[in-house]
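Working notes, beginning with the structure itself.
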Number of protein chains: 2
Amino acid sequence: MNKRRDRVTIVDVAAEAGVSFGTVSRVINNDVHVKPQTRERVLETMRRLNFVANRQARSLAGGRTNTIGLLVPDLGTGYIGEIIRGIDTELGDAGYDLMLYTTHRAATKEAGYVSNLVQGMVDGLILVLPRNPSDYIGIMTQRKFPFVLVDHQGTGEDCPAIGSTNWQGAFNATNYLVKLGHKRIGFITGWLDLGAAVDRLEGFKAALRTNKIPLLPDLIYEGTFAQLDGYTGALRFLDMKKPPTAIFASNDVMAMAAMDAVREKGLRIPEDISIMGFDDIPQASLMRPSLTTVRQPLEQMGRIAAQVLFDILKNPDHKHNRIELPTEIILRESTATLRKLQEEEPDLIRFH
Amino acid sequence: MNKRRDRVTIVDVAAEAGVSFGTVSRVINNDVHVKPQTRERVLETMRRLNFVANRQARSLAGGRTNTIGLLVPDLGTGYIGEIIRGIDTELGDAGYDLMLYTTHRAATKEAGYVSNLVQGMVDGLILVLPRNPSDYIGIMTQRKFPFVLVDHQGTGEDCPAIGSTNWQGAFNATNYLVKLGHKRIGFITGWLDLGAAVDRLEGFKAALRTNKIPLLPDLIYEGTFAQLDGYTGALRFLDMKKPPTAIFASNDVMAMAAMDAVREKGLRIPEDISIMGFDDIPQASLMRPSLTTVRQPLEQMGRIAAQVLFDILKNPDHKHNRIELPTEIILRESTATLRKLQEEEPDLIRFH
DNA sequence: AGTATTCATGTAAACGCTTCCAAAAATTTG
DNA sequence: CAAATTTTTGGAAGCGTTTACATGAATACT
């Protein structure tokens with residue numbers, strides 16, 4: 001093993017610098033009790049010998065790994081990509097490494113990974129879009145293992161989490177559609193087991209209420225955030241006697257699929273029907289017409305998740321709760337003032 | 001440190017199972033020299049005690065980390081996401097963990113990461129779209145450090161790499177456009193420092209030659225794979241006296257931007273102008289019109305990269321060269337037979 | 001049955017570092 | 001200037017494994 005032989009250790013550095021390996025270790029760890037002059041000599045030697053501390057050994061001896069684990073469902077949409085960018089930035093600055101685990105939607109893998117990771121492979125865990133966190137939040141909390149949830153508000157658990165103002169975002173977006181003149185708005189929900197999905201639905205309902213628009217059960221299609229739901233839901237709406245003039249999907253992926261359905265029916269966006277999404281994933285701005293949507297600050301959510309995790313690492317007993325970041329409506333081409341249908345308005349009103 | 005105290009080690013397992021810790025280690029490592037009955041007893045004990053082997057210790061003692069490093073430029077487009085999916089699948093099956101490093105286009109970070117990682121943090125390295133690999137391929141080769149390059153053909157280096165048949169893909173795609181009747185085809189190149197970009201350009205040129213179509217320098221716009229190039233390049237083409245009837249961009253991102261430019265000029269896709277991309281990133285099928293493109297088997301490239309790396313790990317002296325995976329044309333909506341312009345054909349011919 | 005071979009198991013010595021404690025050197029104090 | 005105090009340094013004892021090597025048990029062979 002060449003790799004083995006020519007590796008330079010703190011002992012080599014110590015010998016070369018004429019100090020004990022203990023001192024070298026102190027230098028590595030920025031211990032104050034080293035004479036500046038000695039420190040400089042050691043540092044110089046390390047540089048000259050091209051020394052890199054062995055992470056495994058440090059972890060083993062020190063009990064820290066300087067690595068955090070990231071559990072994500074997938075990397076397909078760019079949605080996660082944005083979040084990772086944020087996490088990665090913070091981690092890099094803090095000198096942590098990132099261990100990536102993809103569950104590929106297999107919820108069962110989650111718990112398995114978690115129980116392994118918690119066993120000391122990483123110092124902390126960031127879980128993005130956890131599927132059924134209740135399975136393991138218990139053991140993590142009990143073991144006081146540092147973790148943060150991203151984009152999930154629990155079904156009751158009270159733990160560190162980063163999310164965004166889903167309710168407010170949906171409320172504002174709906175309000176905006178109403179301002180454009182839309183009174184019949186079809187809403188496609190997300191997976192209602194997730195708090196985020198429920199909040200978006202509630203925001204939608206509240207906005208209708210505020211605007212004194214009756215809530216028609218037929219105009220709510222229950223989806224799961226999956227592409228197909230957007231398509232199916234939109235078709236359901238379009239086949240109604242009086243189809244909605246706008247469709248608000250609980251995420252961009254479903255909104256994009258809804259656009260397909262609308263086009264297949266020979267309708268134009270936004271002239272005939274407006275489409276609103278949620279998330280603002282990168283491709284939302286790339287499609288034509290580009291998608292008006294509610295922006296979640298994904299990258300920032302990632303950054304803050306990392307920061308919160310660091311804080312937990314430092315102050316394990318500090319109480320950390322859910323943090324909500326503001327959402328924002330991004331106006332693009334897929335929504336427009338209700339025009340063509342205005343003559344039909346009386347009709348619509350009669351209907352209600 | 002609670003974390004510390006309640007950790008169960010092989011010694012605990014050994015005591016509980018009534019064997020020496022050496023035997024437990026053998027069981028963990030699937031050593032043949034363990035009586036089946038003993039093995040079962042140890043396994044049972046491990047299960048009961050919820051034992052998880054400490055990775056740091058294993059690495060330190062064994063000299064292997066069971067972790068591979070992945071260096072990627074970014075996670076934005078889904079392009080990398082696909083590749084990672086492939087890598088991740090293989091890694092998971094083989095029991096390796098994934099350490100992710102993002103360079104965010106900062107080429108300087110690459111070399112830094114590499115020199116650290118090579119120092120024993122990971123057993124091998126997969127570099128996706130390396131920016132300037134010559135900086136560190138040298139040291140890796142010299143140290144015999146296992147690595148694989150993905151989607152990059154060197155500017156001379158002879159090392160393990162996974163790519164696709166860029167030349168053939170571009171050749172076939174161009175041929176296809178010609179079959180549709182297009183004779184004036186605008187080509188937007190990638191970053192010509194990358195072999196892949198050069199190959200695509202050469203494939204394009206060769207197809208023109210085969211079809212006896214003159215190669216007009218004005219119909220080649222030199223880009224860098226970046227979005228803006230697609231836009232600018234397309235505008236350049238469209239402002240010509242005799243604009244091309246088809247545009248072939250060296251990647252999907254530029255093709256998508258070219259579509260924007262075409263639309264801004266009030267032209268329709270594909271009726272007025274056909275657009276062809278390269279890569280087949282996930283969003284290519286999601287845009288409207290959907291993008292006809294040359295598919296690189298990204299996920300498969302990831303898988304094979306991992307497999308090759310495993311092979312290098314097993315047979316360090318085995319010679320590993322570049323592997324090329326076949327590309328494939330994906331027909332979608334952005335290309336069509338040359339129709340409307342057919343009456344102008346004589347004109348075009350006169351021009352050449 | 002007695003010896004030669006396997007096979008199964010136990011044990012000590014790393015692996016490269018952190019951390020604690022004690023010793024040595026430098027500094028302050030009376 | 002010696003004693004007390006503080007700062008700096010050295011070295012031992014782990015951290016939880018793997019991996020030789022040694023030993024003991026079981027099996028095969030003559």
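Chain naming here is simple, since letters A, B, ... match the order of the sequence lines and numbering starts at 1 in each. When reading the values below, keep in mind they use all heavy atoms of this one structure, side chains included, and skip hydrogens, waters and symmetry mates.
Side-chain contact check for B/Glu16 and B/Thr45: no donor-acceptor pair (N or O, by modelled atom type) lies under 3.5 Å.
The side chain of B/Arg64 contributes an N or O atom lying less than 4.0 Å from OP1 or OP2 of D/dT19. Residue A/Ser25 has a polar side-chain atom (N or O) positioned under 4.0 Å from OP1 or OP2 of C/dT18. Applying the 4.0 Å criterion to OP1 and OP2 of C/dC17, one finds that A/Ser59 has every side-chain N and O outside that range. A/Asn29 has a side-chain polar atom (N or O) that falls below the 4.0 Å cut-off from OP1 or OP2 of C/dT18. Between A/Thr9 and C/dG16 there is no side-chain N or O to OP1 or OP2 distance below 4.0 Å. Dashed line: the shortest gap from a side-chain N or O of A/Arg41 to OP1 or OP2 of D/dT8 is not under 4.0 Å. OP1 or OP2 of C/dG10 has at least one side-chain nitrogen or oxygen of B/Thr23 nearer than 4.0 Å.
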Where do N or O atoms of nucleotides 5-7 of chain D meet protein N or O atoms at under 3.5 Å, pair by pair?
none

Nucleotide N/O to protein N/O under 3.5 Å, stretch nucleotides 20-26 of chain C:
none

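With respect to B/Met46, the side-chain contact (heavy atoms from CB on, under 4.5 Å) criterion is satisfied by exactly one of B/Val13, B/Val8, B/Val52: B/Val13. In summary, of the residues considered (A/Leu127, A/Ile126, A/Leu125), a side-chain contact (heavy atoms from CB on, under 4.5 Å) with A/Leu71 occurs for A/Leu127 alone.
Panel note: side chain B/Ser59, backbone B/Arg64; a donor-acceptor pair is recorded below 3.5 Å. A/Thr65 contributes a side-chain N or O that, together with a main-chain N or O of A/Asp123, makes up a donor-acceptor pair within less than 3.5 Å.
When rounded to the nearest whole Å, the span between CD of A/Gln56 and P of C/dC15 equals 15 Å. At whole-Å resolution of the value, CZ in A/Phe21 and C1' in D/dG14 are 12 Å apart.
Between B/Val34 and B/Ala57, the residue anchored nearer the 5' end of DNA chain C, judged by the nucleotide with its closest heavy atom, is B/Val34.
With a 4.5 Å cut-off on side-chain heavy atoms, A/Pro160 and A/Ile312 count as touching.
Taking the centre of each ring, B/Phe310 and B/Tyr96 come in below the 6.0 Å mark.
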What's the verdict on side chain to side chain contact (heavy atoms under 4.5 Å, CB included) for A/Arg85 and A/Asp88, showing C-alpha distance, side-chain angles and the deciding distance? CA-CA 5 Å; A/Arg85 191 206 304 286; A/Asp88 190 62; 5.7 Å; no
